[in-house]
Amino acid sequence: MKNSLTDYKPGKGEPPKNLFDKEKLSHNDMKVNNLIKVRLWDKTIWCGTGFALYPDGTLELTLLFNDEKAAESIFDDLISEVGEVDKPNKLKISIIRKISEKSPAHYRVCISENSTFDDSKMVQMIARKNTMTPSTSDNLDRFLAAYKDRKKYILSYGVVKDEKLLPSSSKRRIINKFDIVVVDAWEVGPNDIEIMAIDKNDDPIIPKNVDNPPIFAALKRQFGE
């Protein structure tokens, strides 16, 4: 039995110890998701993330790379997997905010996969992340406000050379998206998919009225601290 791509709910508590004993797991117990192809992403550097709101109302989230051919290959592959309109929301875009007490405007973007969940005991997936270090949150705030109003955006790419954004190519590919996950870092728990976007040296902003935020358990699970 397969459930939908969007009905994932993180569990609570520690996973069963035998889950990590691969000698006791058969091939049928394990599922590998490979929407994010390492061989393609390793040919370039994801060096930034941008936002745009066009006069016609189109909202865009742009992944910035340093190699145009590699960026084209990444998007050609994604489109072959999810289509130009990602109706099933297979491609997951997450924005993790407030990752730094000293730099409140810093945030991280994570690209991963919304998986179907069946009888597999273990699901492995690849994710890519990009840390943004703006001095203010104005651009991100404008994007999120526009998304809240429109409930849709396009995902595409740009190319940066010598710290300058090159003009968009006529071959540029886009994916129409309708969903984005926005979460404050302190809210990320050990069983959330966004744990893949947490770094060891993160110093999340934690509300004063929260004594035991989920991020503490996530950092302990991920890094043993």
Side-chain angles (χ1 to χ4, degrees), residues 8 10-15 17 19-20 33-51 61-67 70-71 74 91-115 122-144 155 157-158 160 162-163 165 180-225:
Y8 165 77
K12 296 181 179 180
E14 293 296 319
K17 292 182 179 180
L19 183 64
F20 300 100
N33 292 340
N34 61 352
L35 179 61
I36 308 301
K37 307 290 195 309
V38 173
R39 60 181 175 80
L40 297 179
W41 287 75
D42 279 355
K43 292 181 180 180
T44 184
I45 296 174
W46 179 11
C47 52
T49 303
F51 308 103
L61 191 160
T62 311
L63 309 183
L64 304 176
F65 298 98
N66 67 349
D67 186 284
I74 288 171
L91 179 63
K92 184 171 187 177
I93 313 294
S94 301
I95 295 178
I96 298 87
R97 308 189 71 176
K98 301 180 181 179
I99 59 176
S100 172
E101 182 80 37
K102 294 181 179 179
S103 304
H106 291 188
Y107 64 94
R108 190 168 292 123
V109 183
C110 182
I111 308 294
S112 61
E113 179 175 357
N114 274 312
S115 176
M122 177 179 289
V123 177
Q124 297 179 328
M125 69 174 67
I126 301 296
R128 288 285 164 148
K129 59 186 179 182
N130 175 249
T131 301
M132 296 294 293
T133 58
S135 57
T136 74
S137 63
D138 291 350
N139 288 338
L140 178 57
D141 290 341
R142 280 193 289 267
F143 170 80
L144 294 178
L155 177 72
Y157 65 89
V160 175
D162 299 323
E163 299 184 354
L165 180 63
I180 192 166
V181 174
V182 182
V183 61
D184 288 347
W186 72 267
E187 299 174 296
V188 177
N191 298 318
D192 290 315
I193 290 178
E194 283 73 28
I195 193 175
M196 297 185 292
I198 298 299
D199 284 350
K200 184 176 182 179
N201 295 322
D202 284 346
D203 181 25
I205 299 173
I206 300 172
K208 293 181 180 180
N209 62 338
V210 177
D211 295 325
N212 190 27
I215 189 64
F216 286 174
L219 290 169
K220 184 177 181 180
R221 171 83 60 80
Q222 192 80 329
F223 306 109
E225 296 183 356

Please name the pair of heavy atoms, one in A127 and one in S112, separated by the smallest distance, quoted to 0.1 Å.
CB-CB, 3.9 Å
Side chain proximity check, V181 to I93, heavy atoms < 4.5 angstrom
no
To the nearest 0.5 Å, atom CD1 of I195 lies from atom CD1 of I215 at 7.5 Å
Spacing of CD1 belonging to I198 relative to CG belonging to L219, to within rounding of 0.5 Å:
6.5 Å
Does some side-chain heavy atom of D199 sit less than 4.5 Å from a side-chain heavy atom of K129?
yes
Heavy-atom distance under 4.5 Å between the side chains of V183 and E194, does that happen here?
yes
NZ/NE/NH1/NH2 to OD/OE distance under 4.0 Å, R97 and D141
yes
Interatomic spacing from OG in S103 to NZ in K98 - rounded to 0.5 Å:
14.5 Å
Student check: side-chain heavy atoms of I126 and W41 closer than 4.5 Å
no
How many angstroms lie between atom CG of L144 and atom CD1 of I95, to the nearest 0.5 angstrom?
5.0 Å
Report yes if some heavy atom in the side chain of F65 is under 4.5 Å from a heavy atom in the side chain of I45; otherwise report no.
no
Quick check: closest heavy atoms across V188 and A218, and the distance to 0.1 Å?
O-CB, 3.5 Å
Within the side chain of E113, is there an N or O that forms a donor-acceptor pair under 3.5 Å with the backbone of L35?
yes
How long is the gap from CE on M132 to OG on S137, to the nearest 0.5 Å?
12.5 Å
Determine, for D192 against R221, whether the closest basic-nitrogen to carboxylate-oxygen distance falls under 4.0 angstrom.
no
Could you go through the side-chain contact (heavy atoms from CB on, under 4.5 Å) check for T62 and L165 one step at a time?
CA-CA 11 Å; T62 311; L165 180 63; 6.0 Å; no
Under a 4.5 Å cut-off applied to non-hydrogen side-chain atoms, are T133 and Y107 in contact?
no
Would you please test N66 and T44 for side-chain contact (heavy atoms from CB on, under 4.5 Å) and show each step?
CA-CA 6 Å; N66 67 349; T44 184; 2.7 Å; yes
Give a yes or no on this: more than 12 heavy atoms of other residues, nucleotides or ligands lie within 6.0 Å of atom NZ of K37.
yes
Could you verify whether a donor N or O on one side chain and an acceptor N or O on the other, from N130 and T49, lie under 3.5 Å apart?
yes
Please tell me if the side chains of P204 and E101 come closer than 4.5 Å, counting only heavy atoms from C-beta onward.
no
Might you point out which heavy atoms bring W186 and P214 nearest each other, and give the distance in Å?
O-CD, 3.3 Å
When you look at L64 and Y157, which way does the side-chain contact (heavy atoms from CB on, under 4.5 Å) test go after all the steps?
CA-CA 6 Å; L64 304 176; Y157 65 89; over 6 Å; no
Closest approach of D211 to F216 (non-hydrogen atoms, all atoms of both residues)
O-CE1, 4.2 Å
Measuring only between side-chain heavy atoms, which start at C-beta, is L61 closer than 4.5 Å to F51?
yes
How far does CZ of R128 sit from CD1 of I111, to the nearest 0.5 angstrom?
11.5 Å
Would F143 and I180 count as a side-chain contact (heavy atoms from CB on, under 4.5 Å) here? Give the steps.
CA-CA 11 Å; F143 170 80; I180 192 166; 3.9 Å; yes
